[in-house]
A.B. asks: 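This is the structure I want to talk about, given as structure tokens.
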2 protein chains.
Amino acid sequence: MTHPSDSRAYFFKIDTTIKKIRNVLQKRFNESGFDLTVDQWVLIDHVARNQGISQNTLAELTTKDAPTVTRILDLLVKKGLVERRMSEEDRRKFNIYLQPEGIKTFETVLPVVKEIRRQGWGSLNEEDYAHFVRIMDSIYQNFSEY
Amino acid sequence: MTHPSDSRAYFFKIDTTIKKIRNVLQKRFNESGFDLTVDQWVLIDHVARNQGISQNTLAELTTKDAPTVTRILDLLVKKGLVERRMSEEDRRKFNIYLQPEGIKTFETVLPVVKEIRRQGWGSLNEEDYAHFVRIMDSIYQNFSEY
DNA sequence: TGGCAAGCTTTAGCCTGCTAATAATTGTTT
DNA sequence: AAACAATTATTAGCAGGCTAAAGCTTGCCA
């Protein structure tokens, strides 16, 4: 291999790693009795930190597309974790709020997620993190034209 | 942030990066008139390099699950790119082969994929690649118990 | 003011990822 | 040899990612 990019390895490695992370999260959720998918958690996490956020902004922050946000919110509403309120200023928008049950879920799940994050990072250090961020951002930027 | 793992940043960054890569690949496929999804390409790539491979092995190599491999192969067979042949030694297995049309597709698409790999890696160097591999493998290993 | 473009959300349709269950075949064990 | 376990692939069902198109609402502009 003359240059790293000649191998499919780096696409594959990223793909494999994120799959692993998602699997571990989901399994831990299931073991813990959380009736929640990883992506449902991602939305809850963002809503908890941005009560009243619009679906649009939610989509931007999570890099999910609008239809996906709609569907995940449908499920969360059905579970009673989240509420859509018509925006006062702009009737095209919904403001999304956690219901009491959603707040409870957030507070219950967050420590578990944090623990998994720590476990995944393991003994990697600040310098590794700097490398990681620099490399991932670089790849992203190299595709910024798209 | 006292420790990198306290932030959701690294899960998110990996997720965002792989999404970006997939989007770029798919758009370039579409622009180039390839009637092919990224995951269909991944299977073609592996079959091209391992003619006669079983679906099971294909699943392992691509870290896809068996049902997904079944469905993607169904599509590739329908497109006439790939062929399932019953295994002689073990009638539970299929051996997968590229059809002439599939070989043509492989040879046409490969240069485009290579170009995108190079573009994504940009001016990152061998040392960066070593960091990248070490960090991603480390994360994966930290979850190896699962 | 009336019309038209732009923005927010939803719907529909396809593809992929995951689990659980099933069918068919092979391997093992007694 | 017969029963049982393991392996390979498929089917079904739910969830999420993507695009395209539609319905409302808002903003702009003539």
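Treat the numbers as computed from the prediction; the structure is a model and nothing was measured.
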A.B. asks: Verify the contact: side-chain N or O of A:Gln26 to OP1 or OP2 of C:dT19, cut-off strictly under 4.0 Å; return yes or no.
C.D. replies: no

A.B. asks: Counting heavy atoms from C-beta on, name the nucleotide in C:dT25, C:dG17, C:dT10 closest to the side chain of A:Lys19.
C.D. replies: C:dG17

A.B. asks: If only side-chain N and O atoms count, and only distance matters, is there a donor-acceptor pair under 3.5 Å linking B:Glu60 with B:Asn56?
C.D. replies: no

A.B. asks: Is a side-chain donor or acceptor of A:Gln51 paired with a backbone partner of A:Leu98 at a separation under 3.5 angstrom?
C.D. replies: yes

A.B. asks: Tell me what B:Gln40 touches on the nucleic acid: a base, only sugar-phosphate, or nothing, going by heavy atoms under 4.0 Å.
C.D. replies: sugar-phosphate

A.B. asks: DNA chain C: B:Thr37 or A:Phe94, which has the more 5' nearest nucleotide?
C.D. replies: A:Phe94

A.B. asks: Whole Å only: how far is the CZ atom of A:Phe29 from the C1' atom of C:dC18?
C.D. replies: 15 Å

A.B. asks: Taking the side chain as every heavy atom from C-beta outward, state whether B:Arg71 and B:Leu75 have any atom pair closer than 4.5 Å.
C.D. replies: no

A.B. asks: Do A:Arg117 and B:Tyr10 form a cation-pi contact, if we require the NZ or CZ to be under 6.0 Å from the six-membered ring centre and within 45 degrees of the ring's axis?
C.D. replies: no

A.B. asks: Decide whether A:Asp90 and A:Ser87 meet the rule of one side-chain donor and one side-chain acceptor closer than 3.5 Å.
C.D. replies: no

A.B. asks: Using 30° and 60° as the class boundaries, would you call the ring planes of B:Tyr129 and B:Trp121 parallel, tilted or perpendicular?
C.D. replies: perpendicular

A.B. asks: Just how far, in rounded Å, is P of C:dG17 from CG of B:Asp15?
C.D. replies: 14 Å

A.B. asks: Please give, in whole Å, the distance from C:dG27 P to B:Arg91 CZ?
C.D. replies: 12 Å

A.B. asks: May I ask you to list the residues of residues 60-72 of chain A, by number, that have any heavy atom positioned under 4.0 Å from an atom of DNA chain C?
C.D. replies: A:Ala66, A:Pro67, A:Thr70, A:Arg71

A.B. asks: If you take all heavy atoms of B:Phe29 and B:Val38, which pair is closest and at what distance?
C.D. replies: CE2-CA, 4.1 Å

A.B. asks: With a strict under 4.0 Å distance from non-hydrogen atoms of chain A, what nucleotide opens and what nucleotide closes the contacted stretch of DNA chain D, reading 5' to 3'?
C.D. replies: D:dA15 to D:dT26

A.B. asks: Would you mind checking if B:Lys78 and B:Asp74 are paired as a salt bridge, meaning a charged N to carboxylate O distance below 4.0 Å?
C.D. replies: no

